[in-house]
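Counting convention: from 1, in listed order, for ligands and their atoms alike. We count residues from 1, following the sequence as given. All values below were derived from every heavy atom in this structure, side-chain atoms included, with hydrogens, water molecules and symmetry-related copies excluded. Because the structure is predicted, anything quoted here is derived from the model rather than measured.
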Amino acid sequence: MNQINCPKGHGAMEPKKINRTVSFKGIEVNIAENAFVCPTCQLSAGTVQAAGKIQKTIADAYRKQTGLLTGEDIKRLRNEKDMAQADLAEISGFGLASIKRWETGAIQTQSADRTLRLHLLDECMENNMTGNRAFSIPRIKLVANAFEKVLCRAILIANDKMLFAAKYLWYADMIAKKEIGRSMTGATYAHLPLGPQLNNYRELLDDIQNADTLKTESLSDYELNIISRIAGRFPEDQMVFDASHKEPAWLKTRNGELISYFWADKLAVQID
Ligand SMILES: [Zn+2]
């Protein structure tokens, strides 16, 4: 690196990281900037190199603060999977030009970020989609039956497509994931027009009705407690329906998209 001398004649300036806050896309972003500082008078000067990198630094700081993968993250994860940029473009459906731009500083949308994670973090994705538990149809029935007991009414009704039952189940799984680190049923949910729904629910309906609940681990007291709290909070179907439509998990996913258990920590409803 070339030496830069203090313009006030104090000799060589020293390279140093300077922290500052910049406003970017409506949020305050903290960045560490490379600059030269005079040890005598503290005068600082940006470097030509820093000037060229500053956009990328700001973009990456913004991505970190808003929970997006940074360009470095994408590149590192891609390399860990032995994927060329063209491979990632192909499996993700994004253009090669987009992958290149995201790796060098352009900011991907939230929805593009989720798709990238799906392909770059797939070993974690399985758990993100099941809440750290193997999928169990008998447990779905157990949880639904436990709700029926505290709600004093049936929620698993033949041919009703689980419109409301799925929302009680979804809250039970999400809150269990949030409070115990593990879902109750291992079910994967999808964003459907009428709210969170069991993924592929049509194929599961009969199996759930006919499941043998003796063939699975019974619900723990803590799980039953969660179910009671949810039932107490949402005694009516319409209440659980309305609440689920106000959840970030619902509002920030698109029609047909799977709803990751990542959203468990971002639930809008407080159930004490
Ligand atoms: Zn100086």
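- Counting heavy atoms of neighbouring residues, nucleotides and ligands inside a 6.0 Å radius, atom CG of Asp221 does not exceed 12 of them.
- With rounding to the nearest 0.5 angstrom, the NE2 atom of His245 is 5.0 Å from the CH2 atom of Trp250.
- Taking the ring centroids of Phe234 and Tyr171, they lie under the 6.0 Å cut-off.
- The number of heavy atoms from other shown groups lying within 6.0 Å of NZ (Lys178) is above 12.
- In this structure Glu80 satisfies the salt bridge (Lys or Arg N to Asp or Glu O under 4.0 Å) test together with Arg76, sequence neighbours excluded.
- Protein N/O/S atoms nearer than 2.8 Å to the Zn ion (ligand 1) total 4.
- Residues Thr70 and Asp73 bring a donor and an acceptor atom of their side chains to less than 3.5 Å of each other.
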